[in-house]
Q: 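Attaching a single structure in structure tokens format; questions to follow.
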There are 2 protein chains.
Amino acid sequence: MAVTITDVARHAGVSRSTVSYALSGKRSISASTRDRIAEAITSLGFTANAGARALATSQTMVLGLLTQFHQDEFAPAMLQYVLPISDTARELGYDILLVTELDATDALRRVTSAGMVDGVLLLDVIHEDPRLDTLRAAAQPGALVGLPKDTEGLDVFDLDFGESARILVDHLFGLGHREIIVISPPLHVFERGGAYGWRFRDAALERGARYGLQMHSYYGESQQPTIGQSVNAILDARPTATALIVHNDATIAALPSILAARGVRVPDDLSVVSLFSKDFGRSFSLPYTAVESSPDQLGQHAVRQLVRRITTPELAGAPVTRFIAPELAIRGSTM
Amino acid sequence: MAVTITDVARHAGVSRSTVSYALSGKRSISASTRDRIAEAITSLGFTANAGARALATSQTMVLGLLTQFHQDEFAPAMLQYVLPISDTARELGYDILLVTELDATDALRRVTSAGMVDGVLLLDVIHEDPRLDTLRAAAQPGALVGLPKDTEGLDVFDLDFGESARILVDHLFGLGHREIIVISPPLHVFERGGAYGWRFRDAALERGARYGLQMHSYYGESQQPTIGQSVNAILDARPTATALIVHNDATIAALPSILAARGVRVPDDLSVVSLFSKDFGRSFSLPYTAVESSPDQLGQHAVRQLVRRITTPELAGAPVTRFIAPELAIRGSTM
DNA sequence: CTGAAAGCGCTTACAG
DNA sequence: CTGAAAGCGCTTACAG
């Protein structure tokens, strides 16, 4: 079978503990011993068994990544979070256990209570997320991506949707726009507790109200051709609006062709601003001025804080709720 | 700390082995004992430690999923494979270790030699895939999604790109088309050994030649606005072509707006056929007659065969190379 | 600088 | 039907 630490010890003529210490560097080893061990390891092709090590150290060096794929959600968005998380984890020495089960609460309980992971990342957290109670009861720490209603005792990371909305409204207001359409995520996103929907919308409406702007708020659609029909209906109903704020990936991806078909030129006939990630904008080549989110930063922060809590809980401090600052990228879709 | 099997045994007044057998059902237990154990388990909240179990059984119940994210590739496509794989694995009792490292060969060696997984799934396999040697040297079995040049000793699953191309050419030929444009994946996909590119293209050209058709072959682009420019240039250069076969997700996703902008009506002015998955077509609402691939079937087959090889190698038989049959979905984009 | 031994939490022959 | 014990492959106090 596989070569074990015992084989290495025998081959190098030392004890297993010495091999182990050589591996970990936790005590000093004479040069000659170290060399013999190194030689034995390479010539035998030894790699320490992860399970045995986990059992001995009670550290799996694995993080659970709990995703939820809402059938209605725009798939491309998910990968933008998963990849940076995986990369950052690896950088810190951790592997990723991908958990996609529909019954996320059950799955969370399973992987934590079986000790399969040292910590857990919850993606796509909603307002009242049923996973949170299970997480709080778990022996391992967790970090959330997405802001829930009750953050008690949890490390939370999210984009600053409120600030993003304000930045966009300010931008349009500064350019002289006085009647603005806001397209939010689809209604069912709100209904299932996707708080980013109302955090953005409410901030936008509030800001608009403060400036005395005429704001028109609509829900977006998640699929073509409904998106096109909906956008057309909205634009028909609001012929005097001069600007469009779109907070919906599916709509923004479809918008160029919808507006082209309608003969609407951007920004001459209509100013358009949005909120999406750099990667997303790039792969769909969205030419819109937008607040750019940074899924990679979000993921990085979440993983780093989680690992801190795992390895040095005393330094991790009190639970944090951290919002990633939005940045406005001007791309000429407004005037 | 966490509750162990010893706690359960003590609570139920039996030995650890009896608890273990009650858990596994590998020997008969008297009703009263079984009840006491069950009571102890629930009242203590016991879950067997996965690492300890793995060490004792040499089974981790984890599959490695090795993905490669080519920066040029269309992100949405990836998730269509990952999700069905994860679901099927869970159905069979396995969890998924997601490995996304750039140095995939190294990562593969790491997770296999450390015994972190019972088997491994390689996604996005290319013609001469450097991971294959490592896989062949590993103690665990593996399954590939994607056809490499040398399938020696490996279970391989892929879509039948050649047959897909033939089906589409046959369809167009049957409708009377005599001059056809084929848009393949981008050149760099070919260059890095993405064999699906030439498997499809070569089969299409060959079939066209057999029918005496005029076939024009081009590489696609991966991003807007280059895609639009390229398509426009191609259509300008081939004004008499009556049909378009598109084998490129990014191009097909962008095509509706490109053709609309050009004033080309489908199918009146141009027949369009493609090759994509149901999900993909749905989320981008592509109204094109197409050969539909089934990433879910692919993933399911790969996982099932892999698990068979893990659990009952004697029944898994000789290595298989299996192509998923394509299906033509007529959607009225041809005439 | 190094070794012998206990222990991590399970499973599974071996006995009865 | 059930238990005592060995073993999976590591790590880490404890000794020297």
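Just so it is clear: chains get the letters A, B, ... in the order the sequence lines come, proteins before strands, and each one is counted from 1.
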Q: How close or far is atom P of C:dC10 from atom CG of B:L23, stated in whole angstroms?
A: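 Between P of C:dC10 and CG of B:L23: 9 Å.
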
Q: Give the C-alpha distance, both sets of side-chain angles, the deciding distance and a yes or no for salt bridge (charged side-chain N to carboxylate O under 4.0 Å, His left out) between B:R136 and B:D150.
A: CA-CA 12 Å; B:R136 291 195 178 92; B:D150 178 9; 3.6 Å; yes

Q: Does A:D118 reach the main-chain N or O of A:L63 with its side chain, forming a donor-acceptor pair under 3.5 Å?
A: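 Not confirmed, A:D118 side chain does not pair with A:L63 backbone.
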
Q: Could you state the CZ-C1' distance from A:R36 to C:dC1, rounded to the nearest angstrom?
A: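 Taking CZ of A:R36 and C1' of C:dC1, I get 12 Å after rounding.
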
Q: Over how many whole Å does the gap from B:L55 atom CG to C:dT11 atom C1' extend?
A: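 Distance, rounded to whole Å: 10 Å.
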
Q: Looking at D:dA4, which nucleotide sits across from it as a Watson-Crick or G-U wobble partner, both distances under 3.5 angstrom, or is there none?
A: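 Looking at the geometry, D:dA4 pairs with no nucleotide.
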
Q: According to a strict under-4.0 Å criterion, is B:K26 in side-chain N/O contact with OP1 or OP2 of C:dT12?
A: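 Affirmative; the distance criterion is met.
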
Q: Before giving the answer on salt bridge (charged side-chain N to carboxylate O under 4.0 Å, His left out), spell out for B:R10 and B:D7 the whole-Å C-alpha distance, their side-chain angles and the decisive distance to 0.1 Å.
A: CA-CA 5 Å; B:R10 184 164 27 215; B:D7 302 321; 3.2 Å; yes

Q: By nearest nucleotide on DNA chain D, pick out whichever of B:R34 and B:T57 is the more 5' one.
A: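 With B:R34 and B:T57 compared, the 5'-side residue is B:R34.
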
Q: Should A:E91 and A:R304 be marked as a salt bridge (charged side-chain N to carboxylate O under 4.0 Å, His left out) after you check the CA-CA gap, both sets of side-chain angles, and the distance that decides it?
A: CA-CA 10 Å; A:E91 213 172 276; A:R304 288 186 191 285; 3.0 Å; yes

Q: Is a side-chain donor or acceptor of A:S20 paired with a backbone partner of A:R16 at a separation under 3.5 angstrom?
A: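 No; judged by distance alone, with no hydrogens or angles, the pair does not exist.
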
Q: Mind calculating the distance between CZ (B:R16) and C1' (D:dA6) to the nearest angstrom?
A: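 Value for this atom pair: 11 Å.
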
Q: What is the separation between atom CD1 on A:I5 and atom P on C:dG3, rounded to the nearest whole Å?
A: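 From A:I5 CD1 to C:dG3 P: 12 Å.
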
Q: Using only side-chain N and O atoms of A:S17, determine if any of them is under 4.0 Å from OP1 or OP2 of C:dT2.
A: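 Answer is no, no contact under 4.0 Å.
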
Q: Taking only the side-chain nitrogens and oxygens of A:T4, find out if one of them lies under 4.0 Å from OP1 or OP2 of D:dG9.
A: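 For A:T4, the contact criterion (side-chain N or O under 4.0 Å from OP1 or OP2 of D:dG9) is not met.
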
Q: Taking any heavy-atom pair under 4.0 Å as a contact, classify B:T33: base, sugar-phosphate, or nothing.
A: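 The answer is sugar-phosphate, as B:T33 gets under 4.0 Å only of primed atoms, P, OP1 or OP2.
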
Q: Could you state the OH-P distance from B:Y21 to D:dT2, rounded to the nearest angstrom?
A: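 So the OH-P distance, B:Y21 to D:dT2, works out to 13 Å.
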
Q: Give the rounded distance in Å between these two atoms: CZ of A:R53 and P of D:dG9.
A: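 Going from A:R53 (CZ) to D:dG9 (P), I get 14 Å.
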
Q: With a non-hydrogen cut-off below 4.0 angstrom, is B:S20 in contact with a base, only sugar-phosphate, or nothing?
A: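 Base contact - B:S20 has a heavy atom under 4.0 Å of at least one base atom.
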
Q: Taking for each residue the nucleotide of DNA chain C bearing the nearest heavy atom, is the 5' side occupied by A:I29 or by A:A56?
A: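 Comparing both residues, the 5'-ward one is A:I29.
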
Q: By nearest heavy atom, map A:A52 and B:T18 onto DNA chain C; which one lands nearer the 5' end?
A: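 Whichever sits nearer the 5' end wins; that is A:A52.
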
Q: Tell me whether the side-chain N or O atoms of B:R27 pair up with the base of D:dG3 as donor and acceptor below 3.5 Å, since no angle test is needed here.
A: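 Yes, the side chain and the base share a sub-3.5 Å donor-acceptor pair.
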
Q: Measure the distance from CD on A:Q59 to C1' on D:dT11 and round it to the nearest whole Å.
A: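 Computing the A:Q59:CD to D:dT11:C1' distance gives 12 Å.
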
Q: Is the phosphate of D:dT2, meaning OP1 or OP2, less than 4.0 Å from a side-chain N or O of B:S30?
A: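 Result: yes.
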
Q: Which one is paired to C:dA13, where only Watson-Crick or G-U wobble pairs with both distances under 3.5 angstrom count?
A: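 Pairing partner: none.
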
